[in-house]
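These notes are about the structure you will find just below.
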Protein chains: 2
Amino acid sequence: MTPASSRPPDAREEAGDRRPLRTRHEQQEDRGMSPQTRRTGRTGRPPRLSQEAILTAAQRILDEEGPEHLSMRRLAQELSSTAMALYHHVRDKDELLLLLLERHAQRFPRLRLPAEPRDRLIAASQALHDILAECPWIVEVLASDDLMAVSALWIVENMIDAGIECGLSPEEAVYAYRVIWYYTAGELTIRVNRERHHAGLERPPHRDKAFAALTPEEFPRLAALAGQWDEITTRDTHHEGLVAIVDGLLSRTGAARKAT
Amino acid sequence: MTPASSRPPDAREEAGDRRPLRTRHEQQEDRGMSPQTRRTGRTGRPPRLSQEAILTAAQRILDEEGPEHLSMRRLAQELSSTAMALYHHVRDKDELLLLLLERHAQRFPRLRLPAEPRDRLIAASQALHDILAECPWIVEVLASDDLMAVSALWIVENMIDAGIECGLSPEEAVYAYRVIWYYTAGELTIRVNRERHHAGLERPPHRDKAFAALTPEEFPRLAALAGQWDEITTRDTHHEGLVAIVDGLLSRTGAARKAT
DNA sequence: ACCTGAACACCGTTCAAGT
DNA sequence: ACCTGAACACCGTTCAAGT
């Protein structure tokens with residue numbers, strides 16, 4: 001979390017962009033002051049809400065009731081306020097989720113990674129996965145981008161650096177990072193959705209339909225595996241898959257020879 | 001699309017499951033009759049809507065207005081009907097989306113795949129990706145499951161079969177399939193979200209925040225790449241990544257030696 | 001400056017009633 | 001059997017007004 005030393009000029013007032021307000025939090029951040037420090041100027045009504053309080057309440061809802069219950073209205077209720085009061089501290093729901101992710105990543109301990117580059121690439125990728133596995137509610141937000149939350153940048157940096165030290169060019173290292181990121185995002189999305197549906201106790205109905213279609217003549221392999229499918233499929237193979245992917249990515253350049 | 005020869009007993013009337021209705025379409029399917037064939041019994045009011053008409057209208061909305069505009073109400077409007085009329089032909093929105101996927105997969109030509117197993121695994125995986133890349137609106141539904149739509153089962157069958165022919169055990173082949181599927185799902189999800197946001201013309205604001213945090217001292221690799229990031233990141237590396245993953249997965253068993 | 005209430009423009013789905 | 005209208009229980013967000 002470097003305090004942004006050089007920040008690009010605020011482009012929000014440009015034509016077509018109708019979000020004139022900067023949240024209170026952003027203004028404070030610019031002056032490097034906490035609410036307590038600030039003494040200058042006239043004070044309006046003292047704030048009942050704060051971004052911190054909002055985020056804490058949101059996290060509580062997430063933990064106790066699940067992501068599907070986190071709405072601006074529900075959150076306001078939790079704070080004995082109105083939905084609109086929140087918009088004074090947070091631009092919109094997306095920003096709220098992003099801030100929650102940021103908070104989560106900050107709390108996550110900055111692991112010591114192995115020195116050997118292949119191991120480091122694997123360990124960093126695993127850390128990326130683990131951080132997000134703990135806050136799966138945010139998967140949808142993540143999906144929107146490949147450059148991660150600021151607080152998780154150290155992982156991406158390590159992944160790219162390890163890739164380069166393994167003999168990849170910088171471009172190849174970015175591409176390797178992206179392949180791993182896609183795998184991670186896919187695994188998490190599917191895992192989360194499975195758990196969400198599992199919570200509803202119901203097996204998806206089209207699942208049965210698919211199994212019913214598995215005639216041994218047309219689908220010999222799948223028909224043979226149908227009985228064990230759920231069992232095989234339940235095993236957590238994330239790490240195994242990650243290692244295979246990393247080796248596949250590194251072997252393309254003969255970089256693998258450097259490794260263990 | 002095998003007509004389901006053995007279908008598990010309908011468990012829907014069990015305790016707690018409150019979906020007594022079977023849609024008209026399902027009933028017909030059971031008797032193996034098309035609407036035209038059916039002559040017996042009293043006919044009630046002739047149907048104005050049909051599943052076919054509903055799916056066609058839904059597809060039109062998807063194509064012309066985008067997935068975010070497909071709602072039951074909008075769809076009913078398109079058919080000059082009411083939202084509730086739809087529920088006579090389709091259980092819920094999820095089923096509607098699943099039927100759309102099924103329809104799409106059916107229309108997709110059943111490719112001739114290479115005989116050589118590694119190439120076949122790659123080609124089948126690519127086909128899976130390509131089918132879904134054309135109907136990205138459904139990514140969210142896909143995410144819920146790893147056993148695909150009935151009409152795409154031939155691809156999964158081929159992937160598993162090719163894996164086994166490459167020397168993997170059946171369990172390993174399923175696991176390989178899942179790794180590839182996670183990669184595919186992740187790639188598609190992120191691609192779709194990017195396009196969806198790109199359509200809104202706005203660069204995500206937290207993107208700038210992340211870049212601003214990229215001090216060369218703390219993040220040397222990322223800082224050096226920042227200028228080219230968008231450019232590198234835009235390149236479509238799906239196929240490259242797929243090949244690397246396949247090779248990584250196969251190399252774990254010495255199966256790679258069999259290949260080309 | 002900070003917050004509220006009412007309103008806008010939506011969702012998916014249920015239920016009782018109509019023909 | 002097929003469809004309708006009204007209603008339920010929600011969304012995120014805007015806007016004008018209050019203190």
Side-chain angles (χ1 to χ4, degrees), chain A residues 17-28 31 33 35 38-54 58 61 65-77 79-98 140-141 200, chain B residues 17-28 31 33 35 38-54 58 61 65-77 79-98 140-141 200:
Chain A
D17 198 340
R18 309 287 249 59
R19 309 194 222 97
L21 289 175
R22 316 190 64 198
T23 61
R24 210 173 50 82
H25 184 79
E26 278 178 308
Q27 288 170 24
Q28 275 161 210
R31 312 196 187 174
M33 288 176 166
R38 180 135 165 65
R39 286 271 157 82
T40 21
R42 54 276 133 89
T43 359
R45 182 198 289 194
R48 296 202 314 112
L49 261 35
S50 70
Q51 210 177 67
E52 253 307 296
I54 290 173
I61 295 176
E65 302 175 33
E68 64 276 25
H69 289 105
L70 180 61
S71 71
M72 298 305 266
R73 290 171 138 101
R74 172 75 191 80
L75 180 53
Q77 191 195 57
L79 293 157
S80 321
S81 182
T82 65
M84 284 322 300
L86 305 175
Y87 286 86
H88 232 267
H89 304 266
V90 134
R91 175 149 45 242
D92 52 23
K93 200 189 175 183
D94 261 20
E95 190 184 73
L96 174 70
L97 293 175
L98 234 22
E140 293 124 61
V141 188
Chain B
D17 198 340
R18 309 288 249 59
R19 309 194 221 96
L21 287 176
R22 315 189 65 196
T23 60
R24 212 173 49 81
H25 183 78
E26 279 179 308
Q27 289 169 25
Q28 275 161 211
R31 312 197 187 175
M33 289 174 166
R38 180 134 163 67
R39 285 271 157 79
T40 21
R42 56 274 133 93
T43 1
R45 181 197 290 193
R48 298 200 313 112
L49 260 37
S50 70
Q51 211 177 66
E52 254 306 298
I54 290 173
I61 294 175
E65 302 175 35
E68 64 276 25
H69 288 105
L70 180 62
S71 70
M72 298 304 267
R73 290 172 138 102
R74 172 75 191 81
L75 180 52
Q77 191 195 57
L79 292 157
S80 320
S81 182
T82 65
M84 284 322 300
L86 304 176
Y87 286 86
H88 232 269
H89 302 266
V90 133
R91 173 147 47 237
D92 53 21
K93 202 190 175 185
D94 261 20
E95 191 185 71
L96 174 70
L97 293 176
L98 233 23
E140 293 126 60
V141 188

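Chain letters run A, B, ... following the sequence lines, proteins first and then strands; every chain starts at 1.
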Task: Any B/S81 side-chain N or O less than 4.0 Å from OP1/OP2 of D/dT4 - done: yes

Task: For atom NE2 of B/H88 and atom P of C/dT14, their distance in whole Å - done: 13 Å

TODO: Measure from CG on B/L75 to P on C/dG12 and round the result to the nearest Å.
DONE: 10 Å

Open item on the list: Distance check, rounded to the nearest 0.5 Å: A/H88 atom NE2 versus A/R48 atom CZ?
Closed with: 13.5 Å

Open item on the list: Output the rounded distance in Å from CG (B/L49) to C1' (D/dA1).
Closed with: 13 Å

TODO: Not counting sequence neighbours, which residues clear side chain to side chain donor-acceptor pair (under 3.5 Å) with B/R74? List them please.
DONE: B/E65, B/Q77, B/E78

Task: C/dC10 to D/dA9 separation - P atoms, rounded to the nearest Å - done: 22 Å

TODO: Sort by first number and list every stem of DNA chain D: at least 3 consecutive Watson-Crick or G-U wobble pairs, both distances under 3.5 Å.
DONE: C:4-8 with D:12-16, C:12-16 with D:4-8

Task: C1'-based separation of D/dA17 from C/dC2 [nearest Å] - done: 13 Å

Task: Distance in angstrom units between B/R74 CZ and C/dG12 P, rounded - done: 12 Å

Open item on the list: Given C/dC3, D/dT13, C/dT13, identify the nucleotide with an atom nearest to the side chain of A/D92.
Closed with: D/dT13

Task: Distance in angstrom units between B/L86 CG and D/dT4 P, rounded - done: 9 Å

TODO: Identify which nucleotide among D/dT13, C/dC3, C/dT13 has an atom closest to any side-chain atom of B/K93, counting heavy atoms from C-beta outward.
DONE: C/dT13

Task: Residue A/Y87, side-chain heavy atoms: nucleotide from C/dC3, D/dC2, D/dT13 that is nearest - done: D/dT13

- [ ] Would you mind reading off the distance between A/L79 atom CG and C/dC2 atom P, rounded to a whole angstrom?
- [x] 16 Å

Write down the protein N/O and nucleotide N/O pairs, taken from nucleotides 5-10 of chain D, whose separation is under 3.5 Å; answer none if there are no such pairs.
from  : atom 1 : to    : atom 2 : distance (Å)
D/dA7 : N6     : B/R73 : NH2    : 3.4

Open item on the list: Please confirm whether the shortest side-chain N or O distance from A/R48 to OP1 or OP2 of C/dT4 is below 4.0 Å.
Closed with: yes

Open item on the list: OP1 or OP2 of D/dC2 versus the side-chain N and O atoms of B/H89: is any pair under 4.0 Å?
Closed with: no

